[in-house]
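The next block holds one structure in the form of structure tokens; read it before the comments.
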Amino acid sequence: MSSNGYAIRLEGVVKTFGKKVQALKGISFTVPKGVIYGILGPNGAGKTTTLRIIATLVRHDRGVVEVLGHRLPEERAEVRERISYLPEDAGLYHRLTGWENLLYFAMIYADDMESAKEMAARGAELAGLSEKDLHRKASEYSKGMSRRVALARALMVGADLVLLDEPTSGLDVFSAYTIRKTIKEFAKRSGTTVLMSSHNMLEVEELCDRVILINKGTIVAEGEPKELKHRANASNLEEAFIKLVGEFD
Amino acid sequence: MRRSLYPVVWKELRDMARDIKTLVAISLLPLLMMPLMGITSIYVQTLQQGVAVVINEDPGTLTIGNATFSTNDLANSIVAALKSKGFRVLNHSVKSYDIMIIIPKGFRANLSSLTRVALIRIVKSVGSAKSNEGENTVQSVLGSFARKVAEAKVKYLGTLAKKPVTPDSVLNPIVYTTVLVGPSGTTVSVEESFRVMLGRILAFSLVFVTTPSIAYITDSVVGEKERKTFEALLATPVPRWSLVIGKTLSASVIGLITGLADAVGLLLFFALPSMTYGVNLFSLLTPGLMIAHVSAVYLSVLASLALILPIVIRSGSYRVAQAFSLAIISVASVVFFISLYADINALTAPLRYTLYVIPYSHAVGMIKRSVLGEVNQAAIHALVIIAEIGVLLALAVKLFSEEKIIYSKT
């Protein structure tokens, strides 16, 4: 499928936890290569479950999942080689410095120590921390600094697909702005496909080329933010979401 | 570098090296516990002062043939012996005491008779730890005194019968000798006989090294989830086997540290009986034995990690993981406790084979066989425990489930 220009294809994906909780009720969507694609929805909509399935961490019960041309869950190893993932509230190893946190992940992806150091240096640049801060223990970092390092860790490895789960959740205005700026500049410069989830409509509207609106495990709408606003006759995506979810209910 | 153990081991060791409090705690536990065991088992007994009462209600002397005996001398000997054992000795009745010895009225008349026996009353306080020690001391003095009286009576009877009599031929018509032999059947010295005791103590000391490593690996896996670092790591190409083996090997460094601390603690432990008994136990701690002990410590730690890892990986919550950790520590403690009193090889078949399934039994076997110089047997135990560790680690890799880890509660 990647050869057809798609980075991700989901077809009728169902995921149930236990016997009763159906997190995904047969969702289908495709993510073209080289775009920032948003999954938008309230808490408990199924955003994180969708990202975890694509990130090879959770097995879907039914349906088709293809990531970068590889079928999941059969080709998990191949997919892991080509993606990077930033979970919601991802932490750092608090006894390691920011630099060591970057280097650890770089070593996992790189072929040798020299390449790992180069990769970590790229991460350090993306994190935008001073040299002094970079060599402080992560336990001394503010939440914003930790998130910048965690994001840099996901962006630096040269993945073909970057998965970001609520990258700005819980951050103050300044930190959230820095994170959004970093994601935007990175995607523009590298052409990497980014799939990000958020419940912040304004953030998605600002960052994403295309979005899906998801609610209670079902896709409500899919398209460009402008298109969705037009379809719902709304002035912003937030209003569009409320109208479209309301129509759906 | 990718698909290798290096990144995981690098990160784990770096993380561990900065956890100074844990490192100090795991080093101090065996270092303090071993000498403390020595102190509690030997010194506390001697430091605890007992109270003894010795009352002589029949003072004076008695004559048997040409020999004269004094109840005053007997009472004085009892007092001296008890004092040498740290007792405070009184010659009048008090409310609270550990042991009371009474030489009653008529003792001399009965003792000098050829038809009656003389009675000494020993009164012990119930629940007193020192009363048994006091009784043993008094019995030793009385035994020596009774022997002298018996010899005098035999000589006196010989004189009456006008027959030559040797006291020993009447009092000890049978003598026996005891010889200690080792596993090869050759005679061993008394010091060498301490090897058996040494093996048991060394095996029991393993109990102090399993707990910290189990706690560490539980925290290493569950803590990563709690601190939200595991999820991002699990989506990387890092092989699952390298996560399992890397974490195990890194945490086993804890085992090496505790093993070395345990060895130092052991030297301190042996310093106490060496000073108390005047036996040079250090001569028994050969380099080979120390190597066997440290190896057994390391393998016990690896076994603990291999046992707990599949459970921690699959457990639904931190509490479940901790409950299983406690269960494994308990099993280990039971095995090490059994080793203090029994030889696992000598147990009946069902129990023996059940214990052989538990890796700790082979760590015990390694030490006990090394102590007796049975190197081949010790090596077999080492190979079995290594094989068991391998199987458990393979199981941990097989059971590795990202979904279980992510959705387990903390």
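Chain identifiers are assigned alphabetically (A, B, ...) following the order of the sequence lines, protein sequences preceding nucleic acid strands; residue numbering begins at 1 within each chain. None of these values were measured; they are calculated from a predicted model.
- Taking A:His94, A:Arg80, A:Arg153 one by one and counting their heavy-atom pairs under 4.5 Å with chain B, the maximum is reached by A:Arg80.
- Between the side chains of A:Arg52 and B:Tyr407, at least one donor N or O lies within less than 3.5 Å of an accepting N or O.
- Using a 4.5 Å cut-off between heavy atoms, A:Glu100 contacts chain B through both its backbone and its side chain.
- To the nearest 0.5 Å, atoms NZ (A:Lys184) and CD1 (A:Ile36) are separated by 7.5 Å.
- Heavy atoms closer than 4.5 Å to chain A are found nowhere in B:Ile405, neither backbone nor side chain.
- Looking at A:Arg59, both its backbone and its side chain come within 4.5 Å of chain B, counting heavy atoms on both sides.
- Comparing A:Leu103, A:Val58, A:Leu92 by heavy-atom pairs within less than 4.5 Å of chain B, the highest count is held by A:Val58.
- Heavy-atom distances place both the backbone and the side chain of A:Leu96 under 4.5 Å from chain B.
- Residue B:Glu403 places its CD atom among more than 12 non-hydrogen atoms of other residues, nucleotides or ligands, all under 6.0 Å distant.
- With a 4.5 angstrom heavy-atom cutoff, A:Ala77 does not touch chain B via any of its atoms.
- Counting heavy-atom pairs closer than 4.5 Å to chain B, the top residue among A:Tyr104, A:Phe17, A:Phe105, A:Tyr85 is A:Tyr104.
- Classification of the A:Trp99-A:His135 ring pair by plane angle, with boundaries at 30° and 60°, yields tilted.
- Counted by atom type alone, A:Thr56 and B:Glu402 present zero donor-acceptor pairs between their side chains at under 3.5 Å.
- Summarising the geometry, atom CD belonging to B:Glu224 is positioned 12.0 Å from atom CD belonging to B:Glu231; distances are rounded to the nearest 0.5 Å.
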